[in-house]
**Student:** 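One structure is given below, represented as structure tokens, and several questions about it will come after.
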Amino acid sequence: MTVTHKTKVLVIGSGPAGYTAAIYAARANLKPILVAGYESGGQLMLTTDVENYPGFAKPIQGPWLMNEMREQVLALGTELHDDYISSVDFSTRPFKAIGESGKTYIGETIIIATGAQARWLNIESEATFRGFGVSACATCDGFFFKNKEVAIVGGGNTAVEEAIYLTNFASKVTLIHRRDTLRSEKILQERLFANPKISVLWNHTIEEFLGNDSPKELTALKVKNINTNETSILNVSGTFIAIGHDPATKLFKDKIEMDHENYIVTKPDSTATNVPGIFAAGDVKDKIFRQAVTAAGMGCMAALEADKFLVHEVESKETKTKNYANIQQ
């Protein structure tokens, strides 16, 4: 027998955007349902020290912050399901989402907050030091490498911009690129090459991440010249992977408007999508900032906009009813 859950606001995703959307929807008495996925918490579940989330004087752990948000949405009355949405139907309202559990979720509005995943090199040792010297966010973690030598991997705009940004903290930045030219904009390349703190290691890839077990920390990289196959050791305290992100939007393909990189498109200064009643918040639509605090802010926006959408719908129905009554008289 199919189990069906109905709500005014269905939130899909459980990172800072999804949890914040549920918090605001619950406080608006909209009785939201949040489908968290099987691994709730988003990218912060892989983050150790978080120093840039407002309200905490000392560094906090990413998983702890996400667990606190989860407990908060539950305390406010959100109905939470650790389920994974496998298909959606946005053709008519109320909208329908089917979970892998077999449950059906019906929402008068939907807030999509499924986030994005950083692309990794997929080297076994990379996972070992992820959060202990290996990161995919210079803006988040660059501060921890004051006066230390770091490396960044990539050749596009993001890699070059983050390399320049890291010079605010690091004593030296080595950009590792597998080709002999960069893909980034020329003006960014000029700034990169002009910065005395930055050097470029052309035609190289990372073979292995090296470091200590206790305390766990990255100390060096084993790199390979792809032209000669020669390997060498590069001593660094941190390495930032900047080869792109993939928004978790495959589920919504051909259901909602996306750009060429598969990020959901929303109206200017809004979380509203091209489908009335569906909103998108966080990294699923944000390819620029990708911060926990901006995702949380967009989650707040989405919930407030969903509430406004529902109120306007009720007012429209009441107006139509009154007009019809006047005509009948």
Side-chain angles (χ1 to χ4, degrees), residues 15 38-39 41-51 59-64 66 115-156 158-163 165-167 169-180 182-183 197-246 248 283 290 292:
Y38 293 138
E39 296 180 2
Q43 293 188 72
L44 277 181
M45 297 301 288
L46 302 174
T47 306
T48 49
D49 290 342
V50 176
E51 230 179 19
I60 55 175
Q61 298 295 299
W64 177 85
M66 290 298 92
Q117 292 84 39
R119 296 175 192 158
W120 298 95
L121 300 178
N122 294 321
I123 301 171
E124 184 177 351
S125 54
E126 176 186 52
T128 300
F129 293 102
R130 196 176 296 170
F132 298 92
V134 176
S135 170
C137 181
T139 308
C140 309
D141 301 326
F143 178 80
F144 296 112
F145 298 93
K146 281 187 174 180
N147 302 317
K148 296 181 180 180
E149 295 188 11
V150 300
I152 187 160
V153 182
T158 299
V160 173
E161 287 171 348
E162 293 200 341
Y165 172 80
L166 285 168
T167 61
F169 310 103
S171 59
K172 180 181 179 181
V173 179
T174 301
L175 178 70
I176 302 173
H177 189 42
R178 60 184 176 179
R179 298 186 177 91
D180 58 4
L182 299 174
R183 303 187 312 276
K197 282 190 173 183
I198 301 174
S199 63
V200 181
L201 194 59
W202 302 106
N203 301 310
H204 274 73
T205 59
I206 295 177
E207 289 280 284
E208 188 177 0
F209 294 84
L210 307 172
N212 301 321
D213 291 330
S214 184
K216 186 179 288 188
E217 60 180 359
L218 181 75
T219 59
L221 302 173
K222 181 180 179 181
V223 297
K224 184 179 76 171
N225 185 314
I226 61 173
N227 292 330
T228 65
N229 287 326
E230 291 181 358
T231 61
S232 57
I233 299 299
L234 178 67
N235 294 316
V236 293
S237 298
T239 300
F240 296 85
I241 313 300
I243 57 176
H245 285 72
D246 294 310
D283 289 10
R290 292 195 292 260

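Quantities reported herein were computed from a predicted structural model and do not represent experimental measurements.
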**Student:** Give me the atom names and distance for the closest heavy-atom approach of K172 to S199.
**Tutor:** CE-OG, 3.7 Å
**Student:** Kindly compute the distance separating NZ (K224) from NE2 (H204), expressed to the nearest 0.5 Å.
**Tutor:** 10.5 Å
**Student:** Restricting to non-hydrogen atoms, name the atom on L234 and the atom on A151 that form the minimum distance, rounded to 0.1 Å.
**Tutor:** CD2-CB, 4.4 Å
**Student:** Answer yes or no: is there a side-chain heavy-atom contact under 4.5 Å between I206 and K222?
**Tutor:** no
**Student:** Between T128 and F209, does the side chain to side chain contact (heavy atoms under 4.5 Å, CB included) criterion hold? Intermediate values first, please.
**Tutor:** CA-CA 8 Å; T128 300; F209 294 84; over 6 Å; no
**Student:** List the atom of L166, the atom of G142, and the distance in Å for their closest heavy-atom pair.
**Tutor:** CD2-CA, 3.7 Å
**Student:** Restricting to side-chain hydrogen bond (donor to acceptor under 3.5 Å, both in side chains), what partner residues turn up for T239, sequence neighbours left out?
**Tutor:** none
**Student:** Partners of R119 by side chain to side chain contact (heavy atoms under 4.5 Å, CB included), sequence neighbours excluded?
**Tutor:** I243, D246
**Student:** Please find the pair of heavy atoms, one from L201 and one from T174, that lie closest to each other, and give the distance.
**Tutor:** CB-CG2, 4.1 Å
**Student:** Ignoring hydrogens and geometry, is there a side-chain-to-backbone donor-acceptor pair from Q43 to A116 under 3.5 Å?
**Tutor:** yes
**Student:** To the nearest 0.5 angstrom, please state how far the CD1 atom of I241 sits from the OG atom of S135.
**Tutor:** 8.5 Å
**Student:** Can you give me the closest heavy-atom contact between F144 and E51, atom names plus distance?
**Tutor:** CE2-OE1, 3.6 Å
**Student:** Would you give the length of the straight line joining atom CZ of R183 to atom OG1 of T158, rounded to the nearest 0.5 angstrom?
**Tutor:** 9.0 Å
**Student:** Taking atom types as modelled, find out whether N235 and E149 have a side-chain donor-acceptor pair closer than 3.5 angstrom.
**Tutor:** no
**Student:** Hey, what do you get for CZ (F129) to OG1 (T219), rounding to the nearest 0.5 Å?
**Tutor:** 6.5 Å
**Student:** Compute the centroid of each ring, for Y165 and then for F240, and state whether the two points are separated by less than 6.0 Å.
**Tutor:** no
**Student:** Treating N225 as the side-chain partner and T228 as the backbone partner, does any N or O pair qualify as donor plus acceptor under 3.5 Å?
**Tutor:** yes
**Student:** Report, as yes or no, whether the 6.0 Å neighbourhood of atom CZ on F169 holds more than 12 heavy atoms from other residues, nucleotides or ligands.
**Tutor:** yes
**Student:** Got more than 12 heavy atoms from elsewhere within 6.0 Å of NZ, K197?
**Tutor:** yes
**Student:** Should we say atom CG of D213 is surrounded by more than 12 heavy atoms from elsewhere, each under 6.0 Å from it?
**Tutor:** no
**Student:** For a side chain to side chain contact (heavy atoms under 4.5 Å, CB included) check, start with the C-alpha distance between F132 and L218, then their side-chain angles and the critical distance, and finish with the verdict.
**Tutor:** CA-CA 6 Å; F132 298 92; L218 181 75; over 6 Å; no
**Student:** Are L182 and V160 packed together at the side-chain level, in the sense that at least one heavy-atom pair is separated by less than 4.5 angstrom?
**Tutor:** yes
**Student:** If you round to the nearest 0.5 Å, how far is CH2 of W202 from CD1 of I226?
**Tutor:** 12.0 Å
**Student:** Can you list every salt bridge (Lys or Arg N to Asp or Glu O under 4.0 Å) pair that touches residues 123-140, not counting sequence neighbours?
**Tutor:** E126-R130
**Student:** Do you know the tightest heavy-atom contact between A159 and I152?
**Tutor:** O-CD1, 3.5 Å
**Student:** So how far is it from N203 CG to D180 CG, rounded to the nearest 0.5 Å?
**Tutor:** 5.0 Å
**Student:** Going by heavy atoms in the side chains, are T205 and I176 under 4.5 Å from each other?
**Tutor:** no
**Student:** Decide yes or no on side chain to side chain contact (heavy atoms under 4.5 Å, CB included) for Q61 and D49, but give the supporting numbers first.
**Tutor:** CA-CA 5 Å; Q61 298 295 299; D49 290 342; 2.8 Å; yes
